[in-house]
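Reviewing the structure listed below.
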Amino acid sequence: MADQAILGAAIDLLKSEGYARMSVEAVAAAAGVGKTTVYRRYRNKGELVIAALETFVQRPRVPDSGST
């Protein structure tokens, strides 16, 4: 559940602070996890923000057409 907490905190901080003022440390604190927990999943703030924004993308469902 740390993943959901991290991404949710990133989205909240992005909305309230903006990208420039948001920090990985603030995301970790808001998510209730350690900074190392965030860095194990994302190399930097940019990757974290991309992952958070990707939660809004709805991928089209590919119909199961059987075997090839």
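Only this structure's heavy atoms are used, side chains among them; waters, hydrogens and symmetry mates stay out.
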Q: Quick one: pull up CG in Leu13 and CZ in Arg21 and give me the separation to the nearest 0.5 Å.
A: 11.0 Å

Q: Taking the side chain as every heavy atom from C-beta outward, state whether Arg41 and Leu48 have any atom pair closer than 4.5 Å.
A: no

Q.
Evaluate Asp12 against Glu17 for side-chain contact (heavy atoms from CB on, under 4.5 Å), listing each step before the verdict.
A. CA-CA 8 Å; Asp12 291 344; Glu17 301 294 324; over 6 Å; no

Q. Taking atom CZ of Phe56 and atom CD1 of Ile11, what is their separation to the nearest 0.5 Å?
A. 4.0 Å

Q: Look at the side chain of Arg43 and the backbone N and O of Tyr39, then say whether any donor-acceptor pair between them is shorter than 3.5 Å.
A: no

Q: Determine yes or no for a side-chain-to-main-chain donor-acceptor pair under 3.5 angstrom, with Lys45 supplying the side chain and Tyr19 the backbone.
A: yes

Q. Any donor and acceptor pair, going by atom type alone, linking the side chain of Lys35 with main-chain N or O of Val24 inside 3.5 Å?
A. no

Q) Is a side-chain donor or acceptor of Thr37 paired with a backbone partner of Val33 at a separation under 3.5 angstrom? A) no

Q: Answer whether the closest heavy-atom distance between the side chains of Arg59 and Val57 falls below 4.5 Å.
A: yes

Q. Measuring from Thr55:OG1 to Ile50:CD1, what's the distance to the nearest 0.5 Å?
A. 12.5 Å

